[in-house]
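So the structure is just underneath, and the comments pick up after that.
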Amino acid sequence: MKVASWNVNSVRAREARLLAWLARTQPELVCLQELKAENDVFPSAAVEALGYQAAVHGQRTYNGVAILSRAPLTEIERGFGDGEDDAQARVIRARVAGIRVFCAYFPNGGEVGSEKFAYKLRWMERMRRYLERTLEKSESAVLCGDFNVAPEDRDVARPEEWKDSVLCHPEARAALARIADLGLVDTFRRQHSEGGHYSWWDYRMLGFPKNNGLRIDHIFATEPLAARCQSAEIDRNERKGKQPSDHAPVLATFSQ
DNA sequence: ATGGTTGCTTAGCAA
């Protein structure tokens, strides 16, 4: 079973690339982030024509997440469902083929010290509590998404340049570690110990040509599923060419 | 220190 996660940075701007990539890559399960579109704008018919069911939690202008699956999606839940204010569409979950699937778009955080960064840290703690309620680590589950956190310096091309950013801040890394402590394994990191693998490059300052990247998109899995992980990769080629997203898709393949 | 680019929405914000 091939699982993918991709921040498409607008599903409308990326529709042609998304459809071509689905047809070429043939993942069974795909988590998408940053749709920047309402549910009725999502190209549901086009992905259905390629054999995918879509569960969409869209939003105008910002955010927006979706789960695509070849097998039927059940138990679809949008948002945290904790009764608190949930204005930003950043989380959707579902069950597919006995696997609990969480798709998340973590807040970027703007600048360290800003209100946006405080929101990011609060959101990550809220995410941890949400997973604590809904995730059973003895079962098969994946948490896929744009985490907006590079877990370690080996996930950063130029650690010195990024050390004070919201993507590498110690508090963001600690918040991520508390989420992982619920029983989630970074599938890519279990397969590859070396650095030099990134999933996002800034459009600005020739980020991609200079390979000034960070690994901030992840597929985390509970141990029963992580034990079945056969390979993990980043589709760096999808960052090339005309009108790419600033993120590359990340993938993990599981036996059965 | 600030800039650089892309996308949404239409001058400014978010990333």
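So that the names make sense, note that chain A is the first sequence line, chain B the second, and so on, each numbered from 1.
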When the [atom1] atoms of [M] and [N] are compared, how many Å lie between them, rounded to an integer?
{"N": "dA14(B)", "M": "dG4(B)", "atom1": "C1'", "answer": "15 Å"}
{"N": "dA15(B)", "M": "dA1(B)", "atom1": "P", "answer": "24 Å"}
{"N": "dC13(B)", "M": "dT9(B)", "atom1": "P", "answer": "15 Å"}
{"N": "dA11(B)", "M": "dT2(B)", "atom1": "P", "answer": "26 Å"}

Can you tell me if [X] and [Y] form a side-chain donor-acceptor pair at under 3.5 Å?
{"X": "Trp6(A)", "Y": "Asp235(A)", "result": "no"}
{"X": "Tyr198(A)", "Y": "Arg239(A)", "result": "no"}
{"X": "Asn211(A)", "Y": "Arg236(A)", "result": "yes"}

Verify the contact: side-chain N or O of Arg60(A) to OP1 or OP2 of dC13(B), cut-off strictly under 4.0 Å; return yes or no.
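Checking dC13(B) against Arg60(A), no side-chain N or O comes under 4.0 Å of OP1 or OP2.
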Salt-bridge present (Arg95(A), Glu77(A); N to O < 4.0 Å):
no
Got a salt bridge between Arg154(A) and Glu194(A), using NZ or NE/NH1/NH2 to carboxylate O under 4.0 Å?
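No.
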Interatomic distance where [atom1] belongs to [X] and [atom2] belongs to [N] [whole Å]:
{"X": "Leu214(A)", "N": "dA15(B)", "atom1": "CG", "atom2": "C1'", "answer": "13 Å"}
{"X": "Gln59(A)", "N": "dC13(B)", "atom1": "CD", "atom2": "C1'", "answer": "14 Å"}
{"X": "Arg239(A)", "N": "dA15(B)", "atom1": "CZ", "atom2": "P", "answer": "17 Å"}
{"X": "Glu15(A)", "N": "dG7(B)", "atom1": "CD", "atom2": "P", "answer": "14 Å"}
{"X": "Asp146(A)", "N": "dA15(B)", "atom1": "CG", "atom2": "P", "answer": "10 Å"}
{"X": "Asn63(A)", "N": "dA14(B)", "atom1": "CG", "atom2": "P", "answer": "11 Å"}
{"X": "Trp123(A)", "N": "dA14(B)", "atom1": "CH2", "atom2": "P", "answer": "18 Å"}
{"X": "Lys120(A)", "N": "dA14(B)", "atom1": "NZ", "atom2": "C1'", "answer": "14 Å"}

Salt bridge (Lys or Arg N to Asp or Glu O under 4.0 Å): pairs with one or both residues in residues 2-12 of chain A, sequence neighbours excluded:
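Listed by first then second residue: nothing to list.
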So which protein N/O to nucleotides 4-6 of chain B N/O distances come out below 3.5 Å?
| residue | atom | partner | partner atom | Å |
| --- | --- | --- | --- | --- |
| dT5(B) | O4' | Tyr203(A) | O | 3.4 |

Could you check whether Tyr105(A) gets within reach of a base, just the sugar-phosphate, or nothing at all, counting any heavy atom under 4.0 Å?
sugar-phosphate
With side chains defined as the heavy atoms from C-beta onward, is the minimum distance between Gln88(A) and Gln59(A) less than 4.5 Å?
yes
Does Gln191(A), at its CD atom, have more than 12 non-hydrogen atoms belonging to other residues, nucleotides or ligands within less than 6.0 Å?
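Yes, CD of Gln191(A) has more than 12 neighbouring heavy atoms, counting only those of other groups under 6.0 Å.
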Listed in order of residue number, which residues of residues 38-46 of chain A have a non-hydrogen atom at under 4.0 Å from DNA chain B?
none
Among the nucleotides dC13(B), dA15(B), dC8(B), whichever has the atom closest to the side chain of Tyr62(A) is dC13(B)
Residue pair Asn108(A), Lys116(A): steps toward the side-chain hydrogen bond (donor to acceptor under 3.5 Å, both in side chains) verdict
CA-CA 8 Å; Asn108(A) 172 284; Lys116(A) 285 202 184 80; over 6 Å; no
Give the ring-plane orientation class for Phe220(A) versus Phe147(A), where under 30° counts as parallel, over 60° as perpendicular and anything between as tilted.
tilted
Toward the 5' end of DNA chain B, by each residue's nearest nucleotide, His247(A) or Leu35(A):
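This one resolves to Leu35(A).
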